[in-house]
There are 2 protein chains.
Amino acid sequence: MPRASRKDSILEAALACFSEHGVEATTIEMIRDRSGASIGSLYHHFGNKERILAALYVAGTEAYHGFLQDAWQHVDGAQSAVETLVGSYIDWVGQNPDWARFLLHCRGRVEAGEQGDTLRQHNREHFLWIERQLKMYREQGLLRELPRDVFTALLIGPTQDYMRHWLAGRVQTPLEQCRPLLAQAAWMVVKT
Amino acid sequence: MPRASRKDSILEAALACFSEHGVEATTIEMIRDRSGASIGSLYHHFGNKERILAALYVAGTEAYHGFLQDAWQHVDGAQSAVETLVGSYIDWVGQNPDWARFLLHCRGRVEAGEQGDTLRQHNREHFLWIERQLKMYREQGLLRELPRDVFTALLIGPTQDYMRHWLAGRVQTPLEQCRPLLAQAAWMVVKT
DNA sequence: TTTAATTCTAGAAAAATATTCTATTTGTGA
DNA sequence: TCACAAATAGAATATTTTTCTAGAATTAAA
C-alpha cells in the first residue's frame, strides 16, 4: 500500500487545522506548515481554498456512507432498518467528531460553491440507495405513507439535531442512553 | 420613530450581501458599497467582520424569539403548545428565508467566535422560557418523561431538518401540507 | 537506457482583502 | 460659543489568497 500521498496529507492537515482553529480561522499558510507541502503544491492539487473544503467534504460523506452500508449487513426487518439508520449516524458521529463537525459546519458553504452540483449528486445517490433498501418494507405496508421528504425528516431529524448539540458540547445525556430512545422514537413515528 | 441608523443600515446591507453572494464571498467592500457607509464608519461601529456576523446573528435570533412569544398568546393546552413550537418555526422560516438561511449557516461560526458566550446565554434564556411554558403540562403528566435534551430533539428536530432542506430548495412538498404532518408527529412522539 | 512529456514542488511576486490610523465633521451638553 | 465625544472618511498598512515562473521528480515511449 502506498503511503499517504501529498494530496491526502494536505487534506489531513486541513481537517486538523479546521478542528483546532475553526474553518474561518485557518489560513492556507497554516495548512502548508502542517502538511509540509509548499504553496505551489497546494495550489497545484486543489486550485484554491474552497476546493480543499469541497474535497474534504466529499471524503467525509463517503466515509460516512461506507460506514452506513457496512452496518446495513445486519439489517433484518423494517424496525431494524430504522434502528440502523439512526444508530449508525450516532455511532459514526460519536467516533468521528472532527469529521462530523466539519461536515455539519460546511455543508451550506460547499453546496453553495462550485462543487455544489457534484455534492448534490452524491447525496441524491445515497438517498436513492436508502430508498431502495426501504422499498420492500414500504411495499409490505410496514412504513407510513408520507411525502418522502417529510418521512426522512421524521426519521433522522431528531438524531441529527441531537448530535449537532452533542458535538457542540451542549448536551449531557450519554450517547448510549440516547441511542435507544432516538431509535425507538424514530420507529414509533415512522411505522404504520 | 428614528429612521434606520447607520449601524442598522450596515447590518441590513450585510444580510443582503450574504443572501446574494454567500457569507464567505461577501467582502467588507461590498458591504461598504451597499450600505453607503465608509470603511471607517464600518469599523467604528463593529470593529471587525466577525462582529458584524455576531450582531446580525443576535438580531435574527431575537426576531425569531419575539415571533414565537407573540404566537404563544394563543396557546391553549399541551398539544396546542407543541403545535405552536413547530408551527411558529415553520412560519418564521417561511416568511424570513434570508434571515433563516443566515442563522442556520452561521450558528457554529458565531458560537465559536468571541461572542459565543453571549449567544449561548441568549439561547439558554430562550430555552428556559420554553421550559417555563411547558412546566405546567409536564406536571399534569401530559408530556413524556425524557432527558430534556432528547425531548427537545424529538420535538423540533424533524421540523428543523425539514426547513433546512426547504431553504436549500431540496424539497417540493408545500409548507402548508407539511405543517400539520410535522406538528402531529411532534405531538405523537412527545405526548404521554 | 535515453529522451520527451507530464506531473509535482518550490517560493517569489502580484492581487485581493481586512484592518488600522489619522484627520475631519457632526452633534450635544455646559 | 466652547469643549468634548461620537461618527465619518479614506489613505496607509497588514494579512491572506492566488498567480506565475522555474526547476525537480516521475512516467512512458523509443
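Every chain is numbered from 1, with letters handed out A, B, ... down the list of sequences.
Salt bridge status for Arg148(A) with Glu131(A): present, with a side-chain N to carboxylate O gap under 4.0 Å. Residues Glu29(A) and Arg34(A) are not paired through a salt bridge, judged by the lack of any N-O separation under 4.0 Å between the basic side chain and the carboxylate. With respect to Arg170(A) and Asp149(B), no salt bridge is recorded, no charged nitrogen being found less than 4.0 Å from a carboxylate O. With respect to Arg109(B) and Glu24(B), a salt bridge is recorded, a charged nitrogen being found less than 4.0 Å from a carboxylate O.
For Thr27(A), whose side chain is taken as the heavy atoms from C-beta onward, the closest listed nucleotide among dT8(D), dT17(D), dA10(C) is dT17(D). Side-chain atoms of Ile39(B) lie closest to dA11(D) of the nucleotides dG11(C), dA10(C), dA11(D).
If you measure from atom NE2 of His44(A) to atom C1' of dA24(D), you get 13 Å, rounded to the nearest angstrom. If you measure from atom CG of Asp33(B) to atom P of dA18(C), you get 12 Å, rounded to the nearest angstrom. Straight-line distance from the CG atom of Asn48(B) to the C1' atom of dT17(C): 14 Å, rounded to whole Å. Taking atom CD1 of residue Ile10(B) and atom C1' of nucleotide dT8(D), one finds them 10 Å apart after rounding to whole Å. The separation between Arg32(A) atom CZ and dC8(C) atom P is 20 Å, rounded to whole Å. Atom P of nucleotide dA9(D) and atom CD1 of Ile28(B) are separated by 15 Å, given to the nearest angstrom. Following rounding to the nearest Å, Met30(B) (CE) and dA18(C) (P) show an atom-to-atom distance of 10 Å. At whole-Å resolution of the value, OH in Tyr43(B) and P in dA12(D) are 18 Å apart.
Using a 4.0 Å cut-off, no side-chain N or O of Arg6(B) falls inside it from OP1 or OP2 of dT26(C). Side-chain N/O atoms of His45(B) include one lying less than 4.0 angstrom from OP1 or OP2 on dT8(D). Phosphate contact (OP1/OP2 of dA10(C), side-chain N/O of Ser38(A), threshold under 4.0 Å): present.
The shortest heavy-atom contact between Phe102(A) and Val23(A) is CD1-CG2, 4.2 Å.
Mapping Lys7(B) and Lys49(A) onto DNA chain D by nearest heavy atom places Lys7(B) at the nucleotide closer to the 5' end.
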